[in-house]
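Have a look at the structure below before the remarks.
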2 protein chains.
Amino acid sequence: MKKELSPSFLHLTAAQARTLAKNMPPEEVLYELADLYKMFADSTRVRILSALQAQELCVLDLAALLGVSQSALSHQLRILKQAKLVKSQREGKIIFYSLADSHVESIFKQGLDHVRE
Amino acid sequence: MKKELSPSFLHLTAAQARTLAKNMPPEEVLYELADLYKMFADSTRVRILSALQAQELCVLDLAALLGVSQSALSHQLRILKQAKLVKSQREGKIIFYSLADSHVESIFKQGLDHVRE
DNA sequence: AATATATATGAACACTTGTTCATATATTAA
DNA sequence: TTAATATATGAACAAGTGTTCATATATATT
């Protein structure tokens, strides 16, 4: 029995290609996944998340701790907040930021395991 | 006993700041971590990794499967290979790509868990 | 009310990144 | 050797991103 080879594939039968595509997460999910990882793909944001993992902090303390300008930090915090990785809580003049999600920690650790291997 | 407040911090004592900094992974590791996540921060690369998770594939099949140009794919494969997330194996004219590292899968799954929550 | 403090934001800019196009390299077939 | 196939790569370009600078907003203090 001759294998039915789709004209566009080299080694995959059309059936195999379909099965493969079906077993992959939907495109839309993969796009969201890339967007999630974009949040961790900048060293400033990674350092922010790493610090907030230890304890909640206000903007100026974070800035001092990381050696980043207040403005740059504020911009990044906004991005992290929109992505719902970080939340804020006002106490008078000061706003405290903390991790919004326990998943952040596990994603973080997974990555560290790989980097340290 | 008065708290010794470092002039540069608002709510952190100098001691707290030191402890916090000490408990964070070293800067250099955080930079590597960001670089690792950069690999997952592009939808084309995520889709490549997702496909290779199912099975090893040659460049043209991958291109057809994902609907990406051969050139674009080749460029991305080079990037993934340099990052040691992917490896290649030649068989005559054809080069098969596969995941280089089992960590890739776990990083992937962790992210999916978060996206799907 | 005026001032000081803490944070946010818009615009501009430099830098990075992913794709395309054209072409190069490598292997196989004729 | 020549032609065909599979993959790689350099240059150019468009789009995206992170920072800075100046300024705005919000709260507290005097």
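Order of the sequence lines fixes the chain letters, A, B, ..., with proteins taken first and strands second; residue numbering starts at 1 for each chain.
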Checking contacts here: which listed nucleotide ([options]) is nearest the side-chain heavy atoms of [X]?
X	options	result
A/His75	C/dT19, C/dT28, C/dA11	C/dA11
B/Lys93	C/dT27, C/dT7, D/dT7	C/dT27
B/Ile95	D/dT9, D/dA8, C/dT7	D/dA8
B/Ile79	D/dT27, C/dG18, D/dA8	C/dG18
B/Ser74	C/dA8, D/dT9, D/dA6	D/dT9
B/Arg45	D/dA8, C/dG18, C/dT7	C/dG18

Exercise for the section: Would you mind telling me which residue lines up with the more 5' stretch of DNA chain D, A/Ser71 or A/Gly92, judged by nearest nucleotide? Expected result: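 On the 5' side of the pair lies A/Ser71.
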Problem - Given DNA chain D, 5'-ward residue of the pair A/Gln70 and B/Phe96, judged by closest heavy atom - result: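 The 5'-side residue here is B/Phe96.
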Practice task
Rounded to the nearest angstrom, tell me the gap between atom CG in A/Asp35 and atom P in D/dT17.
Solution key: 9 Å
Exercise for the section: Please state how far atom NZ in B/Lys38 lies from atom P in D/dT17, giving the value in whole angstrom units. Expected result: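 So the NZ-P distance, B/Lys38 to D/dT17, works out to 13 Å.
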Exercise for the section: Return the orientation label for the A/Phe96 and B/His11 ring planes: parallel under 30°, perpendicular over 60°, tilted otherwise. Expected result: perpendicular
Handout entry: B/Glu28 atom CD, neighbour heavy-atom count above 12 within 6.0 Å
Key =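 Open.
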Practice task
Can you establish whether the number of heavy atoms outside B/Gln82 located under 6.0 Å from its atom CD is more than 12?
Solution key: yes
